[in-house]
Structure formats: structure tokens, C-alpha cells
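First listed ligand is number 1; within each ligand, the first listed atom is number 1. If you're wondering where the values come from, they're calculated on a predicted model, not measured in any experiment.
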Amino acid sequence: MLILAPGREKSLLRRHVWIFSGAVAAVEGDPAPGETVVVVDADRRFLARAAWSPESQLSARVWSFDPEERIDAAFFRRRVHLAVEFRRFLKLDAPTGGCRLIHSEGDALPGVIADRYGEFVVVQFLSAGAERFRSEIVEALRQETGAKGIFERSDAGVRAKEGLSERCGVIAGEAPPNPIVIEENGAKFAVDVRHGQKSGFYFDQRDARTFVARLAAGKRMLNAFSYTGGFGVAAALAGAEHVINVDSSAPALKLAAHNMERNRIRPERYENRENDVFAELRSLSAAGHRFDLIVLDPPKFIDSRNALTRGCRAYQDIARLGFGLLAPGGVLCNFSCSGLMTPELFQKITADAAVEAGVRGVILHRFEQAADHPAALAVPESFYLKGLATRIDA
Ligand code: SAH
């Protein structure tokens, strides 16, 4: 049993699911990592059942606020069912496509991530609680999706904070083919679910890729932090005149080239440059290149409050370099997937970057993570991806 310090029950009463170590006054019994514990307030009133993470600053994550609800196989079946039903509601259940099936807190399954790639599911267990119910969750996924195979990619760095080691491999059914090919908005993408980043593909940018494709016809595009070419392929298929993908990862660019070919984009219409984006933006600028459409989709630059100032500077630097490379009337789409970056701060940084670059712009669009990465109303931290499309004066 976890007994909270006086007053520390407030966030749980508003249905936030995180319990930090500082909120815990006492632990009764000797719960094992991942074990389900009852959480009570200082007056011993029931608050929730939660998963115990003794190694983490985030000491417990709530599974359920219902005093009657047992945390067992049937519980995980119900939660996975809700998650799968939501993607059906979103019309993201086409068998040739892919989507995020379980988005941790967003689907009331903290620590669990699952992505569907066609008939296969890739799953990550990122907390001690998720790890403890690994087999129940896999069984629920198998039954609710009818997947041909389930592959585990529990190799994310965050597992270390939970005292968990890395683990990858087939957990149920068949091994997925390499690559798995999925379709998104008419584009085909080959995905390496064994070695790719995260589980292999960034479904969270689906809506942004659709938006960029709408603007792309006839444009000279720069796709910086391209990974396997997501935005570049979408733009080329929509008629972009030329696309330059830039990424520091050679395997990602190899797949980007493969994806261009697979979508029958002629080789003279694209180029893949393996380089640091900061360096590449500077050398493109020095060489006098100009673009009509630029996408800047960097990795998370801010992963703790200590990194905030330095991270903000990095976002501002690339945005300044990006603005400087736009032709008159060009559009910059810049993103941040750092949860600690608020949309307001991101807009301010982008505005400052435009001033530094000497351009005036208007906001064409505000981006957010796609709906299959739901943000729980009660858990503001589950909203993480934001972006701006800015058009500069012609
Ligand atoms: N836009 C992509 C996802 C980008 S993920 C999509 O829609 O699929 C971020 C990418 O940035 C990764 O592929 C990573 O290899 C790359 N990256 C990280 N730091 C970099 C740097 N300094 N220079 C170039 N690429 C970098």
C-alpha cells in the first residue's frame, strides 16, 4: 500500500495517473517492482490501484481509479479492446496500413506502447508495471487484433530508469518480414521494425505529412531530419519538383532511397544527404540554395528541465537557418516532440528565429500529434508533438 503525504492526492482526484516519489509518505508491505499497489490518501481513503516502480522518480502509475476493479488479464483485455476500438473509430484499421494502437497514458495503459504494421504488432514495455503484465498484455493484443505476429522492441533508453534491461524479439506468432511495407495516404513505406527508430515509423506525423503533401506540387523541398523519407516521399508523390532529404543516419537514408524508388519517384527528383542538419543547412546556405518548402522535424532536444535553455536555443538555431534558406513566399514547417516545450514557447522561439533571419511570416497551420497518439485530458504531459507551418512574405 502507498500512503500519500497530506494534500498530495489532489492530482489523482483530477485523474492524473502519475505519483512522484516526493508525494509518497510511506510504503506498507514490501511490494516487488511492477506489483499492483493500493494508493490511499493521508487519511487512508482509497484513491487508485497503481503499478509500483521503486527504481524510478515516477514511483507509481495508476492502472485504475475504480475501487472494485481488479488488475488482471481481464482488465488488460478491456483496456486493449478500448484502444483497438478507438483506432477503428478513427478509420485507421485498413489492413495494409499502420497506426499506433496503444499510446501509454493516452490509452490508460501507462508504460505500454504498441504500433500496428499491417498484420503485425510491435510492442514496447517501458515501465515496471507494464513489464510485470507483459504476457497478459500480449495475449490481449493477440486476441483483440488477430495479429499474425507480435514483435517486442523493449530497447528504449527509458527502461533503464525503471531498472529493466533491454529485450527484442518475436513474442507471439510469426516473425514479421523485413521490411514490412505499409501504406499511408497512397504512399508506400518500407519499415524495419527490428532496427528502426522507436518501433520503426513515426505515425505521429501522419497528419503533418498530409498537410505538407497538399502544398508540395511544383515545389523545391528540403526535408531535414528525414529519417526514412516520410515527408519527402509524401511531397514527391504529390508532385514536388525536387526533394533533398537530410539525416545523420545512414540506414535511415538507405530506406529513404528505397521508399522513393518503391513509390516510382525518378532518381533525378531527389537526393539523400547524410550529414548533421546544422552543418548541412549552413553549407546549403553558403552555396546559395533556396527552397519553397522546408520541413524541420528534429529528435527531442529537451528531455529534462535542465536541458530547456540549451534545447530552446537548438530549436531556434535550426528555425533561423531554415527561414534563411526559404525563397520568397516559401513555407517552413518546424516541429518539437519535446513534452516540456509548450506550443506558446515554440511559437515564440519560431518568431524570434524569423526576426533573426530577417523575414516576416504568418502562421499557415498549427500541427499536433495524430489522433492515434491520443493525449489524455487529465494528463497534459501526454500531449508532446507540436509544430508550425509559417509562410514568409513573397
Ligand atoms: N520526419 C521523420 C522523423 C524524424 S525523426 C518522419 O516523418 O518519419 C528524427 C531524425 O533526426 C532521425 O532520423 C535521426 O537520425 C535524425 N537526426 C538526429 N540528430 C540529427 C542531426 N544532428 N543531424 C541530422 N539528423 C539527425
| request: Answer yes if the ring centres of Phe211 and Phe367 are under 6.0 angstrom apart, and no otherwise. | output: yes

**Message:** Using ring centroids (six-membered ring only for Trp), state whether Phe231 and Phe225 fall under 6.0 Å.
**Reply:** no

Contact atoms of ligand 1, heavy-atom distance to [X] under 4.0 Å:
X: Phe231; answer: 1 (N), 7 (O)
X: Arg209; answer: 6 (C), 7 (O), 8 (O)
X: Tyr202; answer: 3 (C), 5 (S), 8 (O)
X: Asn275; answer: 23 (N), 24 (C)
X: Tyr227; answer: 2 (C), 3 (C), 4 (C), 8 (O), 13 (O)

Note: Glu280, heavy atoms under 4.0 Å from ligand 1, region reported as neither

Return yes when Ala252 approaches ligand 1 closer than 4.0 angstrom through a heavy atom, no otherwise.
->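 No.
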
Checklist entry - Can a non-hydrogen atom of Val295 be found less than 4.0 Å from any atom of ligand 1? => result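 Heavy atoms of Val295 never come under 4.0 Å of ligand 1.
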
Polar atom proximity, [X] to ligand 1 (N or O, under 3.5 Å):
X: Ser249; result: no
X: Asp247; result: yes
X: Thr228; result: no
X: Phe278; result: no

Check your understanding: In terms of ring plane angle, is the pair Phe278 and Phe301 parallel, tilted or perpendicular, where the classes change at 30° and 60°?
Key ->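 Tilted: the ring planes of Phe278 and Phe301 meet at 30° to 60°.
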
### Message
Atom CZ of residue position Arg70 - does it have more than 12 heavy atoms of other residues, nucleotides or ligands inside 6.0 Å?
### Response
no

Counting non-hydrogen protein atoms only, what is the nearest one to [atom]? Give residue, atom name and distance.
atom: atom 19 (N) of ligand 1; result: Pro299 CG, 3.8 Å
atom: atom 4 (C) of ligand 1; result: Phe225 O, 3.2 Å
atom: atom 21 (C) of ligand 1; result: Asp276 OD1, 3.5 Å
atom: atom 23 (N) of ligand 1; result: Val277 N, 2.9 Å

What I want to find out is whether Asp297 reaches Arg209 closely enough, with some N-O distance under 4.0 Å, to be called a salt bridge. no

Q) Between Asp192 and Arg194, is there a side-chain N and carboxylate O pair less than 4.0 Å apart? A) no

Heavy atoms of Ile182 and Gly97 approach each other most closely as CG2-O, 3.9 Å

inquiry  = Checking Gln124 against Arg159: is there a side-chain donor and acceptor pair closer than 3.5 Å?
reply    =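 The answer is no; no qualifying pair exists.
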
Ignoring hydrogens and angles, state whether a donor on the side chain of Glu105 or Trp18 is under 3.5 Å from an acceptor on the partner side chain. yes

- I would like to know whether Gln369 and His103 meet side-chain contact (heavy atoms from CB on, under 4.5 Å); could you show each step before the answer? CA-CA 11 Å; Gln369 65 217 48; His103 187 56; 4.3 Å; yes

A student comparing Ile318, Asp297, Leu253 should find that the heavy atom closest to atom 9 (C) of ligand 1 comes from Asp297

*Heavy-atom proximity to atom 17 (N) of ligand 1, best of Gly229, Ser248, Ser226, Pro298*: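 That would be Ser248.
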
#### Entry: Option passing side chain to side chain contact (heavy atoms under 4.5 Å, CB included) with Val212 (candidates Leu293, Val331, Asp207)
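Only one option passes, and that is Leu293.
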
